[in-house]
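This report refers to the structure that appears directly beneath it.
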Protein chains: 2
Amino acid sequence: MTESSTAPRPTLEAVAARAGVSRATVSRVVNGGDGVREPLVERVRRAVDELGYVPNQAARSLVTRRHDAVAVVIAEPETRVFADPFFALQLRGISKELTAHDSQLVLLLTEGRDDHVRVGRYLAGGHVDGALVFSLHLDDRLPGLIHGAGVPTVYGGRPGWGDGTRGAVYVDSDNRGGAREAVRHLVALGRTRVAHITGALDQTSAVDRLDGFRDVMVDADPRLIVEGDFTPAGGERAMRELLDRCPELDAVFAANDLMASGALRVLRERGRRVPEDVALIGFDDMLPVAEQTDPPLTTVRQDIEEMGRLMARLLLRGLDRRSATEPAAAGSVAQSGLVGAPSSVVLPTTLVRRASA
Amino acid sequence: MTESSTAPRPTLEAVAARAGVSRATVSRVVNGGDGVREPLVERVRRAVDELGYVPNQAARSLVTRRHDAVAVVIAEPETRVFADPFFALQLRGISKELTAHDSQLVLLLTEGRDDHVRVGRYLAGGHVDGALVFSLHLDDRLPGLIHGAGVPTVYGGRPGWGDGTRGAVYVDSDNRGGAREAVRHLVALGRTRVAHITGALDQTSAVDRLDGFRDVMVDADPRLIVEGDFTPAGGERAMRELLDRCPELDAVFAANDLMASGALRVLRERGRRVPEDVALIGFDDMLPVAEQTDPPLTTVRQDIEEMGRLMARLLLRGLDRRSATEPAAAGSVAQSGLVGAPSSVVLPTTLVRRASA
DNA sequence: GTAGGATCGGGGAGCGCTCTCAACACCGCG
DNA sequence: CGCGGTGTTGAGAGCGCTCCCCGATCCTAC
């Protein structure tokens with residue numbers, strides 16, 4: 001039977017005693033070991049192993065003010081999130097990158113607006129070295145709170161224009177460009193009555209995709225644009241409305257795959273053949289959805305995992321640089337809290353042609 | 001422009017000075033405030049507000065040995081996980097419960113076997129008060145490592161029988177009972193040639209569902225049982241094989257909804273009508289999948305979010321009790337590291353009848 | 001062989017907090 | 001009016017670690 005935490009964990013002191021050196025020497029070895037001669041390093045290493053020594057992070061943070069931990073804030077009030085693998089993929093990317101840098105991932109899920117204050121307080125509390133923030137809605141006050149907390153931050157997706165977002169560093173997909181490409185493809189197919197099911201318009205990604213749609217369909221009949229909400233049910237609803245308003249439409253660009261799948265069901269239900277009667281394009285290339293519909297979905301791919309990885313990389317890089325320049329940089333630390341501000345990144349998208357368009 | 005972390009955060013000392021009391025008094029107020037007279041409490045509170053004081057968690061942990069943080073370990077080598085909302089839902093449940101207890105969630109995603117050692121080291125490092133572990137595979141050495149780390153742990157799903165699993169506390173669904181109910185339903189429908197697509201048999205949930213199947217189909221034709229892997233593609237593969245082996249089958253119980261959806265596609269492709277020719281039941285009641293197939297899936301529901309919440313609750317309760325009994329309890333601390341070991345919990349499942357069976 | 005320089009190791013001072021313990025105040029009761 | 005008791009407050013000692021600084025050490029070159 002394990003008596004957990006019964007055995008007091010060995011301290012630096014204990015290791016030092018065992019190896020017959022001073023604490024400082026052990027500390028040096030544990031933290032990289034330069035400046036200590038080989039035989040000693042060896043002896044310390046052995047002592048560490050024998051004792052099963054693991055540094056006490058709390059003690060270390062207390063003096064270094066570093067935590068080797070990054071908060072990931074997912075600000076999603078709706079259950080919706082969990083229906084799509086989006087976050088899981090981002091998390092995976094982030095996790096990989098953080099692990100490679102020996103940083104931990106502290107996950108902050110917010111349920112409602114009240115939670116934002118809690119998150120703000122947590123970040124202000126200096127528990128983490130930085131924050132990665134997702135899924136903002138335009139009216140969120142989170143950026144303001146985060147800004148106030150003064151924690152280096154990278155956003156996933158371009159934040160809105162609210163408080164604290166000016167100069168924020170973010171990683172985003174080329175939503176507008178991707179949308180343009182999708183719609184152009186539909187046009188190239190000879191479709192003339194192209195409709196658009198938007199995402200939830202309180203998110204910049206939805207707005208950008210709508211803009212992309214408009215870039216190509218410059219004077220689109222306003223009846224051909226319906227607001228959705230990124231869910232399959234929303235896609236169904238929107239598709240019904242489109243069909244009612246404008247039965248002669250011959251193509252649909254949905255702002256994500258989930259809505260496209262809903263739209264697809266409605267189209268079939270109403271007896272339209274896809275892609276013969278109506279061509280359909282989604283967005284995301286969410287494999288389990290896009291590949292498994294019938295017909296498989298033509299869609300705009302964004303590399304979600306890579307986005308996560310990149311966010312983490314940007315943050316960590318900024319952090320490193322900051323600690324490197326520590327004393328001098330006070331003045332040049334920008335809004336993001338990152339030195340020499342790594343600028344935002346917009347990743348390209350690619351059109352994946354399957355059967356639906 | 002925020003100069004992040006430029007202003008040194010106020011310390012207890014500073015608050016004490018401002019309020020004209022001693023550090024100890026401020027500490028008392030900050031930690032609940034009993035034993036301090038009202039006017040003083042008031043004065044300290046004000047000083048805290050004015051200074052924007054936030055306790056330094058590192059310093060606190062250093063002396064209390066508590067971290068108010070729990071690790072969530074997801075041991076999933078395959079990408080598969082991220083295709084289903086399973087973890088997201090569990091995480092949500094866990095997050096809610098932890099938040100209510102002012103605990104943080106440290107997420108540890110493991111990529112491959114090597115990561116297990118890293119995780120073990122992290123847990124042993126005493127960074128967190130406890131751990132919640134998911135998605136074990138039978139041959140995992142993670143339980144052994146965790147056991148060795150001596151961290152109070154609750155497993156999600158019954159762990160296997162390997163090293164360190166004896167006496168482990170877990171939360172699971174009644175996989176076997178749920179499977180039985182599903183199969184009985186098929187039998188009640190008058191189906192006689194009932195097939196089963198199992199999950200990945202290195203996970204206890206898959207094994208248990210198979211056992212439940214066998215409980216009802218006592219002498220099932222072995223050709224009617226095919227091993228799947230919990231993915232839609234695996235479901236397709238398995239369904240093809242079943243159909244080839246045994247074209248006359250009239251019902252299928254798939255060990256999860258994802259595989260059921262794959263099976264459904266194959267059934268349709270081969271011209272079988274569901275449920276007329278072949279009745280189909282899944283497991284999980286994963287809404288985005290189960291409700292959106294055509295026909296919608298009859299399935300066995302398990303309350304995934306509740307499982308997560310329960311795991312967290314069990315862990316936290318054990319932790320509390322442990323710290324309450326601290327000095328005396330050394331001897332009675334069981335395998336799980338939890339005092340007065342809250343025992344494992346198996347949650348009931350319910351059959352959700354939709355159109356597929 | 002020894003002086004000089006460069007490098008390495010050890011001692012000690014905290015980081016910010018909690019917690020024990022002693023001092024003190026104030027109450028009621030004898 | 002004094003004494004014990006109860007209840008508050010303050011002082012101080014660390015928790016385990018890093019990092020600075022100075023003395024010790026080692027090597028090289030003359």
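Predicted, not measured: the structure shown is a model, and the values here were computed from it. Excluded from the calculations below are hydrogen atoms, water molecules and symmetry mates; all remaining heavy atoms, backbone and side chain alike, are included. Chain naming here is simple, since letters A, B, ... match the order of the sequence lines and numbering starts at 1 in each.
A/L12 places its CG atom 13 Å from the P atom of C/dG10, with the value rounded to the nearest Å. B/R60 has its CZ atom 21 Å from the P atom of D/dC17, to the nearest Å. As a whole-Å value, the separation of B/L62 CG from D/dC15 C1' is 4 Å. As rounded to whole Å, 14 Å separates atom P of C/dC21 from atom CZ of B/R28. The CD-P distance, from B/E13 to D/dA11, rounds to 10 Å in whole Å. In this structure, B/E38 places its CD atom 16 Å from C1' of D/dG7, rounding to the nearest Å. What separates NE2 of A/H67 from C1' of D/dT18 is a distance of 14 Å, to the nearest Å. Between the CG atom of B/D34 and the P atom of C/dC19 there is a distance of 12 Å, rounded to whole Å.
The base of C/dG16 lies outside donor-acceptor range of the side chain of B/R9, with no N or O pair under 3.5 Å. Residue-to-nucleotide contacts include no donor-acceptor pair under 3.5 Å from the side chain of B/R65 to the base of D/dG16.
Using a 4.5 Å heavy-atom cutoff, the side chains of A/Y155 and A/L132 are not in contact. Contact annotation: the side chain of B/D129 never approaches that of B/P152 to less than 4.5 Å [non-hydrogen atoms, C-beta and beyond]. In this structure, the side chains of B/V70 and B/Q104 stay at 4.5 Å or more apart for every pair of heavy atoms. Between B/S103 and B/L316 there is a side-chain heavy-atom pair separated by less than 4.5 Å.
Without hydrogens or angle criteria, B/R43 side chain to B/A19 main chain gives a donor-acceptor distance under 3.5 Å. Side chain of A/R313 to backbone of A/E97: no donor-acceptor contact under 3.5 angstrom is found.
Among the heavy atoms of the strands lying under 4.0 Å from A/R23 is at least one base atom, whether or not backbone atoms are also near.
Closest approach to the B/S27 side chain among D/dC20, C/dT18, D/dG16 is made by C/dT18 (side chain taken as heavy atoms from C-beta onward). Distances from the side chain of A/T64 to the nucleotides D/dC19, C/dT18, D/dG16 place D/dC19 closest. Comparing atom distances between the A/A24 side chain and each of C/dT18, D/dC19, C/dG16 picks out D/dC19 as nearest.
Helix bend of the helix from C/dG1-D/dC30 to C/dG30-D/dC1: the angle between its two end axes, each built from five pairs, comes to 40° after rounding to 10°.
Residues from residues 14-22 of chain B with heavy atoms under 4.0 angstrom of DNA chain D, sorted by number: B/V21, B/S22. Within residues 39-58 of chain A, the residues having any heavy atom under 4.0 Å from DNA chain C are, by residue number, A/L40.
Below 30°, between 30° and 60°, or above 60°: for A/Y122 and A/H127 the angle between ring planes is below 30°, a parallel geometry.
Side-chain contact of A/N56 with B/R65: a donor-acceptor pair under 3.5 Å is absent, judged by distance alone.
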Evaluate A/L123 against A/V128 for side chain to side chain contact (heavy atoms under 4.5 Å, CB included), listing each step before the verdict.
CA-CA 7 Å; A/L123 294 180; A/V128 292; 3.9 Å; yes
If you apply the rule side chain to side chain contact (heavy atoms under 4.5 Å, CB included), what do you find for B/R309 with B/I94, and how did you get there?
CA-CA 5 Å; B/R309 199 156 23 206; B/I94 291 171; over 6 Å; no
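In plain terms, the two heavy atoms of A/V151 and A/A131 that are nearest each other are CG1-N, 4.0 Å. In this structure, A/L98 and A/A312 approach most closely via the heavy-atom pair CD2-CB, 4.2 Å.
Between A/R37 and C/dC8 there is no side-chain polar atom (N or O) within less than 4.0 angstrom of OP1 or OP2.
Nucleotides of DNA chain D nearest to B/V63 and B/V36 differ in position, and the one nearer the 5' end is that of B/V36.
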